[in-house]
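Heads up, the thing below is written out as structure tokens.
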Amino acid sequence: MSKSYWSPVALLMGGALLITGCGKSKREDPAPPVAVTTTTISGSVQVEDEMLQPLSKAGVAVRLEGTTISAVTDANGAYRLTNVPVGQHVLNLSRVGLGTMRYEANIDDLTPRNIAPVLLSEQSSTRITDLKSVGKSSTSLPGEVAAFECTVSYNAQLYPAPTQYAIAVYVGKTADVSNTSYLQSTQLSQDQNITSPPTPGTGRFKLAFYKNELQQMGFAPGDRVYVAVYGLNKGATNGGVGREATYFVPYSRNPTTGQIQRVVANVSPNAARVNFVLP
């Protein structure tokens, strides 16, 4: 009696070809490894108050602008961003009460990045409480086209005489002119004097604008000029307290001057605003 063997049999069932058999199934090849397309950015922050004293490092929000990639610093000020793709990114670091800092983060390969420590400073306690138009006076110079009286409230205990307090003035062509978007800026300061004004902690500045200077910025007669004024941390080396926390706008240049835009990040949180038409 001859031996019988099982062998694959092709059966036609319902119009479909069914292959059956009892041999071993073919082993599937393992899936190919997934290509790595992202990397990480790590770093840390230091935080200081207006008098340069250390503050808590926790709770600083760190994010890549234009993406959902973000992290929050721990008690040591450390953060780590994951799944960062190759490209030009802007690293944004912020916390309520501090000046927001922004930095270029150019990722041109998948090597993990370690960013240098970032210093965040408390926003200036100096506030602009009033900004009103005033007419020309005996001290007005030729070419003056607009003038304003700026009333300032500052902490007299932080700025004892003769320590200086300061304001920052920004000029632009649109209503959203600010410390981060402007055509030109200037800073004004004066000594805290306990006898003048009679109320310590209150000061006044005159802001005067001149036709030739505005025309050099690109304004023409009939154009509206927008002004934003902030309280400022004037650096201790220049007669004030604290320091100016600054950065340069990432991947951007001033459209008029062609220069990289400089931003003072820790000005007071709210600006006083006025505007006028250049005659």
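Just the heavy atoms: all of them, side chains too, but no hydrogens, waters or symmetry mates, feed the values below.
The salt bridge (charged side-chain N to carboxylate O under 4.0 Å, His left out) pairs that include a residue from residues 78-107 are E65-R102, where partners are two or more places apart or lie in different chains.
Classification of the Y154-Y159 ring pair by plane angle, with boundaries at 30° and 60°, yields perpendicular. Relative ring orientation between Y247 and Y103 is described as tilted, the plane-to-plane angle lying within the 30° to 60° band.
Every side-chain contact (heavy atoms from CB on, under 4.5 Å) that T246 has, sequence neighbours left out, goes to E244, R262, V264. Taking D130 as the reference, K132, T151 meet the side-chain contact (heavy atoms from CB on, under 4.5 Å) condition, with sequence neighbours excluded.
F205 is listed as a side-chain neighbour of I167, based on a closest heavy-atom distance under 4.5 Å. Contact of the S42 side chain with the R113 side chain is not registered, since no non-hydrogen atoms from C-beta on lie closer than 4.5 Å. Residues T100 and L93 are not in side-chain contact: their nearest non-hydrogen atoms beyond the backbone lie 4.5 Å or more apart. Here the side chains of T82 and I41 are not in contact, with every heavy-atom distance at 4.5 Å or above. Between P250 and H89, every side-chain heavy-atom pair lies at or beyond the 4.5 Å cut-off. Looking at R204 and V152, their side chains never come closer than 4.5 Å, going by heavy atoms from C-beta outward. V171 is not listed as a side-chain neighbour of Y182, based on a closest heavy-atom distance of 4.5 Å or more. Proximity of T126 to L232: side-chain heavy atoms (C-beta onward) are nowhere separated by under 4.5 Å.
Closest non-hydrogen pair, V62 versus T73, comes out as CG2-CG2, 4.1 Å. For the residue pair P85 and I69, the shortest heavy atom distance occurs at CD-CD1, 3.9 Å. Closest non-hydrogen pair, L131 versus V229, comes out as CD2-CG2, 3.8 Å. Of all heavy-atom pairs spanning K234 and A166, the tightest one is CB-CB, 3.8 Å. Considering all non-hydrogen atoms of both residues, V249 and V263 come closest at CG2-CG2, 3.6 Å. Nearest approach of A147 to E144, heavy atoms of both residues: CB-OE2, 3.5 Å.
For the residue pair N233/S124, the side-chain donor-acceptor check at 3.5 Å is satisfied. Between the side chains of Q88 and Y251, no donor N or O sits under 3.5 Å from an acceptor N or O.
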Requested in this report: Start with the C-alpha gap between V84 and T38, add the side-chain angles, then the distance that decides, and say whether side-chain contact (heavy atoms from CB on, under 4.5 Å) holds.
Outcome: CA-CA 5 Å; V84 178; T38 62; 5.5 Å; no

**Report entry** CA sep, side-chain torsions, deciding dist, call: Y170, Y230, ring-ring contact (aromatic ring centres under 6.0 Å, His included)
**Finding:** CA-CA 9 Å; Y170 297 89; Y230 299 82; 5.7 Å; yes

Requested in this report: Determine, stepwise, if the pair S125 / L158 fulfils side-chain contact (heavy atoms from CB on, under 4.5 Å).
Outcome: CA-CA 9 Å; S125 63; L158 294 184; 3.9 Å; yes

Query - Verdict with supporting geometry, Q123 and S268, side-chain contact (heavy atoms from CB on, under 4.5 Å) - result: CA-CA 5 Å; Q123 291 173 316; S268 57; 5.9 Å; no

Requested in this report: Check the pair R243, E48 against salt bridge (charged side-chain N to carboxylate O under 4.0 Å, His left out), reporting the backbone distance first and the verdict last.
Outcome: CA-CA 10 Å; R243 76 174 99 235; E48 65 182 12; 2.6 Å; yes

Query - Candidate pair F209 and L214, rule side-chain contact (heavy atoms from CB on, under 4.5 Å), full reasoning - result: CA-CA 7 Å; F209 297 88; L214 292 170; 4.2 Å; yes

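Listed for the N76 side chain is no donor-acceptor partner under 3.5 Å among the backbone atoms of A78. Panel note: side chain N238, backbone G235; no donor-acceptor pair is recorded below 3.5 Å.
M51 and Y165 end up in the same hydrophobic cluster when Ile, Leu, Val, Met, Phe, Trp and Tyr side chains are linked at under 4.5 Å. V90 and I107 are members of different hydrophobic clusters when ILVMFWY side chains are connected at heavy-atom separations under 4.5 Å. Under a hydrophobic-cluster definition in which Ile, Leu, Val, Met, Phe, Trp and Tyr are linked whenever side-chain heavy atoms come within less than 4.5 Å, directly or via other members, I128 and L188 are assigned to the same cluster. Residues V274 and Y210 do not share a hydrophobic cluster, defined by chaining ILVMFWY side chains whose heavy atoms lie under 4.5 Å apart.
Taken to the nearest 0.5 Å, the CD atom of E50 stands 8.5 Å off from the CG atom of N266. Taking NZ from K211 and CD from Q216, the interatomic distance works out to 13.0 Å, rounded to the nearest 0.5 Å. To the nearest 0.5 Å, atom CZ of residue F148 and atom CG of residue L207 are 8.0 Å apart. Atom CD of Q261 sits about 8.0 Å away from atom OG of S185, to the nearest 0.5 Å. Rounded to the nearest 0.5 Å, atoms CG (N83) and OG1 (T67) are 10.0 Å apart. Annotation: the span from L81 atom CG to L91 atom CG amounts to 6.5 Å, rounded to 0.5 Å.
For the pair K173 and F219, the cation sits on the ring face: its NZ or CZ lies under 6.0 Å from the ring centre, inside 45° of the axis.
D176 has no carboxylate O lying under 4.0 Å from a charged side-chain N of R273, or vice versa, which leaves the two without a salt bridge.
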